[in-house]
Structures are given as structure tokens and as C-alpha cells.
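The next block holds one structure in the form of C-alpha cells; read it before the comments.
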Amino acid sequence: MEILRGIDFHIRNSAVSLGKFDGIHKGHRLLLQEILQTESLVPTVFTFESGSKPGDGAVAYRSQIYDQREKDLILESLGMKREVLFPFHEGTRQMSPQDFIRQILCEAMDARLICVGEDFRFGKDRAGDVNMLKQFASVYGYQVKVIPKLQEAGDVISSTRIRNLLQKGELSCANRLLGEPFFFCGEVVHGNALGRTMQMPTANMIPGSEKVLPPTGVYATTVVVKGVEYKAVTNLGYKPTVGSAQVGVESCLLDFDQDIYGQQIQVRFHRFLRNEQKFADMEALHRQMEQDKRQAADALRDL
């Protein structure tokens with residue numbers, strides 16, 4: 001997938017979907033599907049650089065469902081060909097809706113199809129809306145498709161709703177609205193090596209400071225390494241038995257024993273197993289980890 005940043009670019013024959021796309025949930029995927037099914041146009045996502053989204057101000061602590069790298073992984077897996085990361089600063093904030101349509105959508109992106117949600121707003125003071133996009137369609141020769149909000153159980157599927165579900169530990173519902181399991185992606189770093197001394201080597205990663213966290217605890221997960229998915233059990237938290245000041249994601253992969261330090265992995269969360277707890281000694285921790293592995297294998301049996 002080609003990734004373009006800034007405002008100084010020129011691309012051709014674009015089918016464009018515009019939005020924040022935090023989480024790339026089922027509602028977002030309806031927008032993306034519209035541009036992915038075009039045959040003669042290049043499917044292109046227009047979104048905003050992390051930390052500079054209109055209306056949000058500074059990114060709040062632990063407010064992102066997915067960071068930019070994680071969103072890029074999803075977009076590529078869906079078949080997206082191009083992504084435009086638009087900066088939101090004083091210059092772009094003062095751009096009128098009419099100039100945004102002319103300069104960005106038409107001149108820079110050569111948009112032939114524009115697909116947006118029904119509440120999409122753009123331009124200075126968020127004065128532009130879907131009616132304005134439709135008004136200028138005949139002037140610049142593009143087509144507009146407006147997608148209604150997708151609902152589930154009587155409520156709109158939104159990033160805010162999913163974020164709240166994750167923070168409350170309602171993982172199965174959050175995963176259903178996302179359309180796939182919530183995940184962390186990152187580099188495997190060195191931990192305290194206690195898992196290896198117990199013949200249970202683990203893969204450790206540190207989640208970004210802006211990433212939403214489900215409740216701390218032990219989860220049945222799958223871990224993707226070099227494109228291959230392995231069943232695993234993962235501790236999200238502070239490892240109270242050995243003590244850690246920093247929250248971590250520590251995964252014990254089932255039936256796997258390879259050195260993957262420094263590699264990028266993806267940890268996909270399927271089911272909550274138990275709360276984090278402090279054990280009297282390492283032997284007690286080892287016994288519990290063996291039980292956790294069995295529970296995770298049972299929980300993941302049908303995957």
C-alpha cells in the first residue's frame with residue numbers, strides 16, 4: 001500500500017473514502033467496501049495523521065483503538081492500494097470547504113468517486129458537509145456515495161462505543177463490532193526471562209502510551225509471527241508476582257519455541273480467562289501458567 005503524507009502530492013484516478021477510521025470497525029468497512037469494488041479507479045483512504053485529528057485536539061491518554069501502524073496493517077489486509085495521511089495544523093485548519101474540495105480532493109487526488117458517512121464534516125469550522133460535496137459534484141465531475149450509520153443491537157457502531165466496551169472488558173462485543181479480534185502489534189523485546197527458566201518462553205511487547213487497554217488479566221489469544229497464526233495465552237498488565245512498573249503484553253505461544261526477539265508480531269485477543277494476581281512463589285505461578293495454557297487451548301479449540 002502506498003502511503004502519502006502532507007499536502008504536496010498528485011495522484012490520479014482515485015476512489016476516495018474519507019474519515020478518521022479509528023478502529024476500522026464494521027461501519028468503516030462499509031465505506032471502504034464501496035471504493036474497493038471499483039474496477040477502473042484506485043481505492044484510496046483519506047484520513048488524518050495520528051495526533052492531529054480535527055475536533056480532537058491533542059490525543060488523549062489511552063484513546064486510540066489502533067495506532068497508525070496497526071491501521072495500516074488492516075487497510076492492507078482489506079486490499080487498500082493508497083492511503084493519504086492529511087496533517088491537521090493551522091494552515092489546513094483554515095482551509096475553506098470549497099478549497100478543500102478543489103485543491104485536495106480534485107487537484108491533488110483526482111477523486112472520481114467520493115464515499116463518506118452521512119455525518120462527515122470538513123473544512124474551516126467544519127462548515128463542509130455531504131450536501132456541499134454533492135453540490136460541487138457536477139462542477140468537478142466526481143460521484144458521491146453517502147453511507148448511513150451502521151447499527152447493531154439498536155445502537156450505532158462507533159469508535160467511542162467500541163473504546164468503552166474494551167475498557168470495560170466486554171471483549172466479545174467489541175470484537176463483533178470491530179469485525180475481527182482486537183489486537184496489539186509491536187516488536188518483541190527482552191523481558192526478565194522468567195518464562196524461559198520455567199520452560200515457558202514468552203514474547204514480550206510494550207503497548208504505546210496512546211493505545212486503549214482492556215482490563216489487566218490473562219487472555220486466550222492468537223499471535224501472528226511472519227504471517228503464521230499460533231494459539232497463545234497472554235498476560236496484559238504488570239506481572240505482580242515479579243513486579244513491573246510498566247504495563248506489558250506477555251504471550252506464551254502454545255507448541256512454539258523459536259527465538260523471535262526483535263521481530264514484529266500481532267497479538268489478537270479472543271477471550272478473557274482470569275484477573276491478574278500475585279502468587280506466593282514462582283512454583284505457584286508456574287502451576288497457574290500451566291492451567292492457563294490448558295484453558296486457552298480449550299477456549300481457542302474452534303479457531
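Computed from heavy atoms alone, side chains included, the values below leave out hydrogens, waters and symmetry copies. Since the model is a prediction, treat every value here as computed from it, not as a measurement.
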Q. Which hydrophobic side chains are connected to Val218, either touching it within the sub-4.5 Å cutoff or through other members that do?
A. Val233, Leu273
Q: Check step by step if side chain to side chain donor-acceptor pair (under 3.5 Å) holds for Asn131 and Gln135.
A: CA-CA 6 Å; Asn131 291 325; Gln135 176 186 342; over 6 Å; no
Q) Which residue pairs pass the salt bridge (Lys or Arg N to Asp or Glu O under 4.0 Å) test with at least one member in residues 130-147, sequence neighbours excluded? A) Glu34-Lys145
Q: Could you tell me which residues satisfy salt bridge (Lys or Arg N to Asp or Glu O under 4.0 Å) with Arg93, sequence neighbours excluded, listed by chain and number?
A: Glu90
Q) Under 3.5 Å, is there a donor-acceptor pair between the side chain of Gln167 and the main chain of Val212? A) no
Q.
Looking at Glu2 and Lys81, is there a salt bridge between them, counting it only when a charged N and a carboxylate O are closer than 4.0 Å?
A. no
Q) Is there a donor-acceptor pair closer than 3.5 Å between any side-chain N or O of Arg112 and the backbone N or O of Ser40? A) no
Q. Would you call the rings of Phe48 and Phe88 parallel, tilted or perpendicular if under 30° counts as parallel and over 60° as perpendicular?
A. perpendicular
Q | Main-chain N/O of Met109 paired to Ser14 side chain as donor or acceptor, under 3.5 Å | A | yes
Q: Quickly, which of His28, Gln64, Lys71, Arg163 forms a side chain to side chain donor-acceptor pair (under 3.5 Å) with Asp22? Name it, please.
A: Arg163
Q) Quick one: which of Thr222, Thr234, Thr221 gives a side chain to side chain donor-acceptor pair (under 3.5 Å) with His270? A) Thr222
Q. Any sub-3.5 Å donor-acceptor pair from Asn204's side-chain atoms to His190's backbone N or O?
A. no
(Q) Are Val224 and Tyr230 connected into the same hydrophobic cluster when the rule is that any two of I, L, V, M, F, W, Y join if their side-chain heavy atoms are below 4.5 Å apart? (A) no
**Q.** Heavy-atom closest contact (Cys115 atom, Ile35 atom, distance)
**A.** CB-CG2, 4.0 Å
Q) Is the number of heavy atoms from other residues, nucleotides or ligands within 6.0 Å of CZ (Arg121) greater than 12? A) yes
Q: Classify the side-chain pair Gln264/Arg69 by whether it contains a donor and acceptor separated by less than 3.5 Å.
A: yes
Q) For Phe21 and Val45, what are the C-alpha separation, side-chain angles and deciding distance, and is it a side chain to side chain contact (heavy atoms under 4.5 Å, CB included)? A) CA-CA 9 Å; Phe21 298 109; Val45 169; 3.8 Å; yes
Q: Using ring pair (Phe, Tyr, Trp, His ring centres under 6.0 Å) as the criterion, list what pairs up with Phe136, not counting sequence neighbours.
A: none
Q.
Nearest 0.5 Å, please: how far is OG1 in Thr202 from CG in Asn235?
A. 9.5 Å
(Q) Using the rule given for side chain to side chain contact (heavy atoms under 4.5 Å, CB included), can you reason through Ile74 versus Arg29, listing the C-alpha separation, both sets of side-chain angles and the distance that settles it, and then say yes or no? (A) CA-CA 10 Å; Ile74 297 173; Arg29 294 180 191 219; 3.7 Å; yes
**Q.** Over all atoms of both residues, closest heavy-atom pair of Tyr142 and Ala111
**A.** CB-O, 3.4 Å
**Q.** Salt-bridge contact Arg176-Glu152 (side-chain N to carboxylate O under 4.0 Å)
**A.** yes
Q) Can you find a pair of side-chain heavy atoms, one from Tyr140 and one from Leu105, that are under 4.5 Å apart? A) no
**Q.** Phe100/Phe46 aromatic ring centres below 6.0 Å
**A.** yes
Q) Considering residues at least two apart in sequence or located in another chain, which fulfil the side-chain hydrogen bond (donor to acceptor under 3.5 Å, both in side chains) criterion with Gln288? A) Asp292
Q) Shortest non-hydrogen contact from Leu85 to Glu83? A) CD2-OE2, 3.5 Å
Q. Rounded to the nearest 0.5 Å, what separation is found between the CD1 atom of Ile11 and the CG atom of Asp110?
A. 8.5 Å
**Q.** Between NZ on residue Lys149 and CD1 on residue Ile157, distance to nearest 0.5 Å
**A.** 10.5 Å
Q | Leu254 reachable from Val267 in the ILVMFWY side-chain graph, under 4.5 Å edges | A | no
(Q) If I compare all heavy atoms of Gln266 with all of Phe183, which pair ends up nearest, and what's the gap? (A) CG-CD1, 3.4 Å
(Q) Measuring from atom CE of Met1 to atom CD of Glu76, what distance do you get when rounded to the nearest 0.5 angstrom? (A) 4.5 Å
Q. Is there a donor-acceptor pair under 3.5 Å between the side chain of Thr160 and the backbone N or O of Ser158?
A. no
Q | Nearest-0.5 Å distance, CE of residue Met132 to CD1 of residue Ile101 | A | 6.0 Å
Q: Look at the rings of Phe182 and Phe269 and say which category their plane angle falls in: under 30° parallel, 30 to 60° tilted, over 60° perpendicular.
A: perpendicular
(Q) So, using ring pair (Phe, Tyr, Trp, His ring centres under 6.0 Å) as the criterion, who are the partners of Phe9 when residues are at least two apart? (A) none
Q | Heavy-atom pair of closest approach, residues Gln246 and Ile206 | A | NE2-CG2, 3.4 Å
Q. Quick one: is the NZ or CZ of Lys293 closer than 6.0 Å to the six-membered ring centre of Phe256, and within 45° of its axis?
A. no
Q. What heavy-atom pair brings Gly117 and Leu31 nearest, and what distance separates the two atoms?
A. N-CD2, 3.7 Å
Q. Could you go step by step and tell me if Leu253 and Val225 meet the side chain to side chain contact (heavy atoms under 4.5 Å, CB included) rule?
A. CA-CA 10 Å; Leu253 283 66; Val225 182; 4.1 Å; yes
Q.
Evaluate Ile104 against Thr92 for side chain to side chain contact (heavy atoms under 4.5 Å, CB included), listing each step before the verdict.
A. CA-CA 10 Å; Ile104 304 301; Thr92 57; over 6 Å; no
Q: Measure the spacing between CZ of Phe184 and NZ of Lys211 and express it to the nearest 0.5 Å.
A: 5.5 Å
Q) Does one hydrophobic cluster hold both Val156 and Phe120, with members joined at side-chain heavy-atom distances below 4.5 Å? A) no
Q: For side chain to side chain donor-acceptor pair (under 3.5 Å), just list the numbers for Gln263 and Gln258, CA-CA rounded to whole Å, side-chain angles, deciding distance to a tenth of an Å, and then say yes or no.
A: CA-CA 11 Å; Gln263 293 189 29; Gln258 298 178 26; over 6 Å; no
